[in-house]
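Hydrogens, waters and symmetry mates play no part in the numbers below; they use all other heavy atoms, side chains included. Every chain is numbered from 1, with letters handed out A, B, ... down the list of sequences. Being a predicted model, the structure only gives us computed values, none of them experimental.
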Amino acid sequence: MDKFLFLLSEGFKNLWRHKLTVFTAVFSVFLSLSTIGVLFIAEQNTHKLIEYMRTKYKIEVFFDGSVSNEQASQHVQEISKIPGVYSTTLITKEEALKIYKSQFGDDISQFLDYNPLPVSCVVNIKRKYSGYLHMAPIIERIKGIDDVDMIKHQSRLISRIEKFYEKGLLGLSGIAFAIILVTVMIISNTIKLTIYSNKDLLMALKMIGATNTFIRMPFILEGIFQAVLGAILASAMLYGIVYGANEMLNQITTYTINVDWMFLSWLFLIAVVISLFGSSRAISRFIK
Amino acid sequence: MMIQLENVSYSYRKGFGLANIDLTINDGEFVFLIGPTGSGKTTLLNLMYMDLLPDSGRVSIGKYNSDSIKKRKIPTLRRTIGIISQKYHLLNDRNLFENVALPLHVIGHNQNDIAGAVEEILEEVGLSGLEDHYPQELSGGEQQRACLARALIKDPDIILADEPTGNMDPVSSFDLIKLLEEINSEGTTVFMASHNYSLIKSRNHRIVEIHNGKLRSQ
């Protein structure tokens, strides 16, 4: 217990002893976590936008003119079981006529003495998709259903939006990964510099019989403290950015940036993992 | 604690180190190692505290020997050895108290025991009252005594001193040897390397001479 408390206090004291390198490391953790945080908030809000757009995606299915409302109802049930379909709305011949009348003002059945409009169905797509939403398989499945005459959809537009979103996600993940990698290198190098300037400490500790764990621990704890400090600063800045942006948005629109602040705990976890990785990598060069 | 080297050889990647060293230092003995710079004195000492392991032959320190010692046991061995070097290896960002207390933190002593032990050892080496001083505020002789205090605080069975008087004036050098003799008189084995023959010739201890990595006389 005494040994642990000593190592813990050494980790803390090292923050002050190596203030210049600590400042560099904390600042790089702060910068990278802030960037990752901004990317995450952007992704969260883009995802909400995509989900909203998906509520507008519709597929209109028209059945053969000879299909009765009852037969169409059975086909619609079949459609609703297709993976990716959120809901279906059957539009009977009579309802189609009402819609026509409300839109064009004429009762077409009076001219023709019969109702020429087919039974149709509006298919809504699930909006809770974590990645790229593929419309083609849904349309192919609907095409395979008996009595389907025509399908109207905006799959090319949807496909473009979804592809753009997917590429964006991939790009953001790539950037975040690159930032994490660079931060690991920066932390590793700053700890290496610290160790270089503390060769006497390593030598003294070795001479007096310190185990490798005992020698490593203050450097690793120092790295963790740096990461936590960087994460606190980054969290404060992200909160400030979101708060400020929402204040500005409130003046011009009702849209607000929504953030699940639980992601900050992930940010802290990332910071600690980065620092553990960086400091272990640095110290392993000196202590085999 | 006895030190024994049996037919020990060690070579560096860049060149020659030591060849076929046979040496026994008995428990409680005081032995000087003399030889010019680059003759292998530091290599021999490094082998004794197993910072280096021999290419061939065997180094035995008490119950530990270089053939069978596990890597994780080397720190345990070093806790029984007090090492003093010419370069001191004092930590400039810690005061004298913290420097001297370090070995006890490594062993895991509690803070109260440490405070008492540090005061006692600083008095023994004549550094009382300088606890708050940083190494750069101490003279060369004081720094070497601080290094000695750090080696002694854990009550070692063996003292290995590598040119401890290298940076000291003759008076301080003489005082340090007297201090080491006092420690030796209490049963601690002392093995001290030096290239200053005039300093050690008058002391009544065994002198081992090393030249070009080989022992010449004992």
How many angstroms lie between [atom1] in [X] and [atom2] in [Y], if you round to the nearest 0.5 Å?
{"X": "A:Lys206", "Y": "B:Met50", "atom1": "NZ", "atom2": "CE", "value": "14.5 Å"}
{"X": "B:Ile83", "Y": "A:Ile208", "atom1": "CD1", "atom2": "CD1", "value": "9.5 Å"}
{"X": "B:Asn92", "Y": "A:Leu201", "atom1": "CG", "atom2": "CG", "value": "11.0 Å"}
{"X": "A:Leu5", "Y": "B:His105", "atom1": "CG", "atom2": "NE2", "value": "11.0 Å"}
{"X": "A:Met207", "Y": "B:His89", "atom1": "CE", "atom2": "NE2", "value": "5.0 Å"}

Would you say that more than 12 heavy atoms from the other residues, nucleotides or ligands in this model lie under 6.0 Å from the [atom1] of [X], or not?
{"X": "A:Phe263", "atom1": "CZ", "answer": "yes"}
{"X": "B:Tyr12", "atom1": "OH", "answer": "yes"}
{"X": "B:Glu137", "atom1": "CD", "answer": "yes"}
{"X": "A:Lys19", "atom1": "NZ", "answer": "yes"}
{"X": "A:Trp16", "atom1": "CH2", "answer": "no"}
{"X": "A:Leu181", "atom1": "CG", "answer": "yes"}
{"X": "B:Tyr64", "atom1": "OH", "answer": "yes"}
{"X": "B:Glu120", "atom1": "CD", "answer": "no"}

Is [X] in contact with chain A via its backbone, its side chain, both, or neither, using a 4.5 Å heavy-atom distance?
{"X": "B:Leu104", "value": "neither"}
{"X": "B:Ile107", "value": "backbone"}
{"X": "B:Leu91", "value": "side chain"}

Contact class of A:Leu7 relative to chain B, heavy atoms under 4.5 angstrom: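 Contact with chain B: none, neither part.
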Give a yes or no on whether the backbone of A:Gly209 and the side-chain of B:Arg79 come within a donor-acceptor separation of less than 3.5 Å. yes
side-chain contact (heavy atoms from CB on, under 4.5 Å) between A:Phe6 and B:Leu102, worked out: CA-CA 10 Å; A:Phe6 173 75; B:Leu102 202 55; 3.7 Å; yes
Verdict with supporting geometry, A:Lys13 and B:Arg94, side-chain contact (heavy atoms from CB on, under 4.5 Å): CA-CA 10 Å; A:Lys13 283 178 187 170; B:Arg94 287 165 174 82; over 6 Å; no
